[in-house]
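Worksheet: the structure to be examined is printed underneath.
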2 protein chains.
Amino acid sequence: MLLTEKQKGLIEKIGIVTEREGMQPAAARIVGLLYVADNPELTFEEIVQALHISKSAASNALNLLLQTNRIEYTTFSGDRKRYFRIKVANWREGFAKKMEDMTSFSQVLQEVLNERNPETVEFNKNLAELADFLKYVNNQLPGLLENWEKMRKGQ
Amino acid sequence: MLLTEKQKGLIEKIGIVTEREGMQPAAARIVGLLYVADNPELTFEEIVQALHISKSAASNALNLLLQTNRIEYTTFSGDRKRYFRIKVANWREGFAKKMEDMTSFSQVLQEVLNERNPETVEFNKNLAELADFLKYVNNQLPGLLENWEKMRKGQ
DNA sequence: AATTTAGTTCTCAAAATTATGAACTAAAGA
DNA sequence: TCTTTAGTTCATAATTTTGAGAACTAAATT
């Protein structure tokens with residue numbers, strides 16, 4: 001596979017963002033590659049060769065990405081290879097996941113609040129505010145998604 | 001400082017969330033401690049003792065947290081100690097930061113889109129959708145914050 | 001049955017991250 | 001000026017993470 005310098009740069013950029021989200025380096029590069037490559041369906045070998053990583057690194061990273069639902073693959077009859085691709089149509093799920101994380105953090109804050117020394121009034125007030133805001137955002141986000149869908153259709 | 005089992009558990013929970021956000025372990029536990037401790041203003045030594053970490057670990061972690069604007073400290077005249085506390089009133093800033101991250105990812109996706117093979121129509125469509133949604137959410141979130149403030153005042 | 005091949009697993013090494021403890025600094029107080 | 005103390009820095013140790021390469025597996029092909 002041929003990658004332009006521009007493409008390599010973008011893979012790096014996406015890789016860095018994805019790493020910051022907690023992905024390991026090899027997996028993060030694979031994500032970048034699958035976003036950028038001319039053909040969005042790549043085989044195991046193409047990935048290994050494009051990123052200059054070992055088969056074991058590729059195998060581990062691909063399985064991790066499959067487990068975390070960030071990629072998927074298809075096969076074709078009479079061809080043993082798997083064709084991996086980013087689940088880009090899947091971003092709604094990823095979005096939902098982030099919301100869950102937020103909710104659960106809000107709940108931890110609520111728990112903290114229940115345990116807190118009641119004498120630290122100002123501090124507790126701020127904490128309660130934060131917990132409440134997180135809850136609010138969480139409630140509002142699904143509506144935001146709906147509105148966006150509507151707006152799209154409207155156009 | 002005396003910590004109940006419940007408090008220790010909460011420090012751990014917050015620590016794990018904070019680590020997942022990219023903080024190093026010691027810093028993440030300090031964050032947890034400052035949320036949970038009865039007194040939300042702790043000295044260097046109290047932190048060292050409460051978390052059983054070395055002075056150097058505490059020093060590094062506290063400076064990291066100061067730099068990233070997650071904590072601050074006050075001093076009192078005639079007392080050389082610094083009293084560290086979570087910038088919990090500061091969550092709006094943290095929120096803004098997350099939004100920026102989102103925007104910049106949306107921009108990377110836009111760049112990817114500009115470079116993409118135009119023949120992969122479906123893929124490109126999904127990508128464009130994602131980029132557009134991120135942009136949309138970004139535009140809407142400030143209004144969400146405003147509405148929340150209004151709602152608060154209204155109550 | 002032997003071979004090819006897509007991918008996995010295992011062992012181990014390299015690299016990066018994190019933490020320790022001791023020595024040090026600098027301001028304050030005696 | 002000597003001592004105390006809050007915090008820093010440095011060398012280095014421990015731990016974790018990551019990746020390589022070779023051996024292996026299992027299905028398909030010959």
Side-chain angles (χ1 to χ4, degrees), chain A residues 1 11-12 14-34 37 39 41-68 70-85, chain B residues 1 11-12 14-34 37 39 41-68 70-85:
Chain A
M1 188 191 340
I11 291 172
E12 247 337 273
I14 296 172
I16 287 167
V17 172
T18 310
E19 260 188 82
R20 252 205 337 221
E21 280 172 10
M23 272 291 156
Q24 41 182 246
R29 291 303 124 55
I30 291 177
V31 167
L33 176 65
L34 291 175
N39 181 351
E41 304 212 322
L42 301 181
T43 65
F44 188 92
E45 233 212 328
E46 286 174 316
I47 292 167
V48 162
Q49 287 176 359
L51 298 178
H52 309 292
I53 57 179
S54 66
K55 292 206 312 173
S56 58
S59 176
N60 288 329
L62 286 169
N63 285 321
L64 176 66
L65 290 168
L66 285 168
Q67 275 165 32
T68 55
R70 299 209 46 160
I71 65 170
E72 62 190 345
Y73 64 83
T74 19
T75 50
F76 300 98
S77 62
D79 181 353
R80 265 202 279 164
K81 287 173 196 150
R82 292 186 287 178
Y83 293 80
F84 297 96
R85 58 169 176 252
Chain B
M1 190 187 343
I11 291 173
E12 245 337 272
I14 295 173
I16 286 167
V17 172
T18 310
E19 259 188 83
R20 251 207 336 221
E21 280 173 8
M23 271 292 156
Q24 40 183 243
R29 261 172 301 146
I30 291 177
V31 167
L33 177 64
L34 291 175
N39 180 352
E41 304 213 322
L42 300 182
T43 66
F44 189 91
E45 232 212 330
E46 285 173 317
I47 292 167
V48 162
Q49 287 177 359
L51 298 177
H52 310 292
I53 59 180
S54 66
K55 293 207 306 175
S56 57
S59 176
N60 287 330
L62 286 170
N63 284 321
L64 177 67
L65 291 168
L66 285 169
Q67 275 164 33
T68 55
R70 299 209 45 159
I71 65 170
E72 63 190 342
Y73 64 84
T74 21
T75 50
F76 301 98
S77 62
D79 182 352
R80 267 203 279 164
K81 287 174 197 150
R82 291 185 290 178
Y83 293 80
F84 296 95
R85 60 171 176 252

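Order of the sequence lines fixes the chain letters, A, B, ..., with proteins taken first and strands second; residue numbering starts at 1 for each chain. Below, each value reflects all heavy atoms present in this structure, side chains not excepted, and no hydrogens, waters or symmetry copies.
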In terms of side-chain heavy atoms of [X], which of [options] is nearest?
| X | options | value |
| --- | --- | --- |
| B:Ala57 | C:dA27, C:dG21, C:dA19 | C:dA19 |
| B:Phe44 | C:dA19, D:dA20, D:dG7 | D:dG7 |
| B:Arg80 | D:dA20, C:dA27, D:dG7 | C:dA27 |

Protein-nucleotide distance ([X], atom [atom1]; [N], atom [atom2]), rounded to Å:
| X | N | atom1 | atom2 | value |
| --- | --- | --- | --- | --- |
| A:Leu66 | C:dA6 | CG | P | 18 Å |
| B:Gln49 | D:dA6 | CD | C1' | 13 Å |
| A:Leu64 | C:dT8 | CG | C1' | 15 Å |
| B:Tyr73 | D:dT8 | OH | C1' | 13 Å |
| B:Ile47 | D:dA6 | CD1 | P | 13 Å |
| B:Lys55 | C:dT25 | NZ | P | 14 Å |
| B:Ile53 | C:dG21 | CD1 | P | 12 Å |
| A:Arg29 | D:dG19 | CZ | C1' | 13 Å |

B:Glu19 with B:Arg29: basic N within carboxylate O range, under 4.0 Å:
no

Would A:Glu46 and A:Lys81 pass as an ion pair if we require N to O under 4.0 Å?
no

Between A:Arg82 and A:Leu62, is any pair of side-chain heavy atoms under 4.5 Å apart?
no

Any A:Val31 side-chain heavy atom under 4.5 Å of A:Arg70 side chain
yes

Any [X] side-chain N or O less than 4.0 Å from OP1/OP2 of [N]:
| X | N | result |
| --- | --- | --- |
| B:Asn60 | C:dT18 | no |
| B:Arg82 | C:dA27 | no |
| A:Gln24 | D:dT18 | yes |

Upstream residue (5' side of DNA chain D) when B:Asn63 and A:Glu19 are each assigned their closest nucleotide:
B:Asn63

Nearest nucleotide by nearest heavy atom, which residue falls closer to the 5' end of DNA chain D, A:Asp79 or B:Ser59?
B:Ser59

Hey, what do you get for CG (B:Leu42) to CZ (B:Arg85), rounding to the nearest 0.5 Å?
11.5 Å

For [X], answer base if it contacts any base atom (sugar-phosphate contacts may also be present), sugar-phosphate if it contacts only those atoms, and nothing otherwise; contact means non-hydrogen atoms under 4.0 Å.
| X | answer |
| --- | --- |
| B:Ala26 | sugar-phosphate |
| A:Leu62 | nothing |
| B:Lys81 | sugar-phosphate |

Is a donor-acceptor pair below 3.5 Å formed from side chain A:Ser56 to base D:dG19, judging by atom type as modelled?
no

